[in-house]
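Some notes on the structure that comes next.
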Protein chains: 2
Amino acid sequence: MNQEQVSEKSFPSAFESDPLIKKFGGFLTLTDDEIAYLNSLRKNQSSFEPNAEIQSEGESPQHIHILRHGWAVRYKLLSDGRRQILNFALPGDCIGITANLFQAADHSVAALTTVTSDNFPSKNLLSLCQAHPRVALAFNWATAREQTILAAHTVRLGRRSAAEAMGHLFLELLKRLQLVGLANKHSYELPITQEILADLLGLSIVHVNRTLRRLRQRGLIELDLKNRRLIIKDIHRLAKAVDFDPTYLGQERKPVKGKKQLLGES
Amino acid sequence: MNQEQVSEKSFPSAFESDPLIKKFGGFLTLTDDEIAYLNSLRKNQSSFEPNAEIQSEGESPQHIHILRHGWAVRYKLLSDGRRQILNFALPGDCIGITANLFQAADHSVAALTTVTSDNFPSKNLLSLCQAHPRVALAFNWATAREQTILAAHTVRLGRRSAAEAMGHLFLELLKRLQLVGLANKHSYELPITQEILADLLGLSIVHVNRTLRRLRQRGLIELDLKNRRLIIKDIHRLAKAVDFDPTYLGQERKPVKGKKQLLGES
DNA sequence: CGCTGACTTGAATCTCTTCAAGACGTGTGG
DNA sequence: CCACACGTCTTGAAGAGATTCAAGTCAGCG
């Protein structure tokens, strides 16, 4: 069990390895027809170097980018240079869907690693509504999911301590990455610096460093930012320590009234 | 210039006074056909007393509620009782749109004042996509706008001081309430307690109290929570003091590259 | 008239920030 | 190959901002 992510080539069909399709699979199963249509919309690909801007606040994007490889950050800047990262954009995530409904994007997106994306001309998404309503619904689901994640992040920033927020984030990332096949049971590649973590969690770099060390000392995680890898030592203990709801982002199952274990609790 | 909000009866048409239609008007102009269709979907109304739950986290809603009167809060609770308010729901805002795409709502909604709402059976919203795509688009716009507001709130919590966050919030509410005719040039009814403000801004009640006093002493606002009314003394000075982007939530105009004055700056 | 909920204020404490300095690894040009 | 620069991580010490605890005011209401 050493492989942690499914390489693209190990699948016979190019469709199955598509992170967008994997992700949509958490919501519904697309027909071959729908998959073909989705692929026909894909007019071109782009690639971004680390730190390149994929979308800029205030500008109106022409394309919707769907990430295939790499990590990006959505963020907003204050006029004095302070930065708040809103969320990561991971493979399978869409950039620019909501920005297309406005004259201007409300936030910027920058590549963290080398990023490749598929681009949809944004007007095509509107016609999609009538041509393939189930696909349109899946995009709406993805948007709603994005909003759920942002809401959880708001709670982290407003009402959790630094350690709680950080642990909660690590568990959220585990779930998100598992959905697109980029994490195994308890670890994943985490290609970020402490500065990124600071701007995400609304903390100073120094405090991120100390909080990280304490989480390590408590035996909850094992993190090597140099090797870009995070290992969660004991998922249940961490989830308990940071008040992580195991049903969070688990839309694929029937709701369990009273929200009980979904992580297992065995 | 003493009246601050348009009473429902002062309009000949019941349509024009509908906050949802006012709000959509910030995005597109609905045809009579579309308005009629919208009204046909409206199957019944409900009313909620202060503190009543309109939606509960973990449960799957049957209806989409569109607020007609009153204020509500979207919020999440931690297991130890801490509460983070995500956003206010104001007249014209929709409750339960995204929750309908999941098996379970990701947050709760509670009435702050007496609230009345129109209810759409949620399955109707799906057929809307094909029957009246422009209306469906308007709902998507409203959802995207909600997300923009949540993103701005995330920045407030993560990277702004208490005073900045609070002032920024007051300006945002001014814009939102103006859109539905519930605020005049520089003041509006604000039916909340300091505790609500604390849970929204991620602060303690005590600190909200002190921050509020300082804003008052600096002559930026005049607030009487007893009389439930906030007056912004000098919009431009406050906007400058809290780094409020005047183009924020101004989707109705063409984007101004480099985002300059929209509040006037005269 | 006394209860209740909301607002207010002081004092002690704690979390997190800021400033400062040093360690380590990696890539670059001499 | 070494020297140097740069980005990132790490740690200590001082200080600011926010919380907690505690007490007291005030208005509305039964």
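To find a chain, count down the sequence lines: A is the first, B the second, and so on, and within it residues start at 1.
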Measure [atom1]/[X] against [atom2]/[N] and give the value in whole Å, please.
| X | N | atom1 | atom2 | result |
| --- | --- | --- | --- | --- |
| A/L223 | D/dT10 | CG | C1' | 14 Å |
| A/L212 | D/dT8 | CG | P | 15 Å |
| B/R82 | D/dT20 | CZ | C1' | 14 Å |
| B/N209 | D/dT19 | CG | P | 12 Å |

Minimum side-chain heavy-atom gap B/L212-B/I221 below 4.5 Å:
yes
Summary of salt bridge (Lys or Arg N to Asp or Glu O under 4.0 Å) pairs that have at least one residue in residues 147-157 of chain A, sequence neighbours excluded:
A/R156-A/E172
Residue set satisfying salt bridge (Lys or Arg N to Asp or Glu O under 4.0 Å) with B/E53, at least two apart, ordered chain then number -> none
Run the side chain to side chain donor-acceptor pair (under 3.5 Å) test against B/S161 and tell me which residues pass, sequence neighbours left out.
B/E164
For B/T116, enumerate each residue passing the side chain to side chain donor-acceptor pair (under 3.5 Å) test, keeping only those at least two apart in sequence or located in another chain.
none
Check each residue of residues 194-207 of chain A for a non-hydrogen atom within less than 4.0 Å of any atom in DNA chain D, then write out the ones that pass by number, or none.
A/Q194, A/V206
Listing request: all ring-ring contact (aromatic ring centres under 6.0 Å, His included) pairs with a residue in residues 205-226 of chain A, at least two apart in sequence or in separate chains.
none
Is the base of D/dG17 touched by the side chain of B/R210 through a donor-acceptor pair closer than 3.5 angstrom?
no
Grab the N/O contacts between the protein and nucleotides 25-30 of chain D below 3.5 Å, and write none if there aren't any.
none

Between A/I192 and A/R159, whichever has its closest DNA chain D nucleotide further toward 5' is A/I192
Could I get the full list of ring-ring contact (aromatic ring centres under 6.0 Å, His included) partners for A/F88, not counting sequence neighbours?
A/W71
So, using ring-ring contact (aromatic ring centres under 6.0 Å, His included) as the criterion, who are the partners of A/H65 when residues are at least two apart?
A/F48
Sequence neighbours left out, what passes side chain to side chain contact (heavy atoms under 4.5 Å, CB included) with B/Q217? Give chain and number order.
B/R213, B/R214
Applied to residues 191-203 of chain B, the side chain to side chain donor-acceptor pair (under 3.5 Å) test, sequence neighbours excluded, yields A/R159-B/D199, B/R83-B/D199, B/Q194-B/N209
No-hydrogen, no-angle side-chain donor-acceptor test under 3.5 Å, A/S117 and A/N119:
yes
Can you give me the first and the last nucleotide of DNA chain C (5' to 3') that has an atom within less than 4.0 angstrom of a non-hydrogen atom in chain A?
C/dC16 to C/dC19
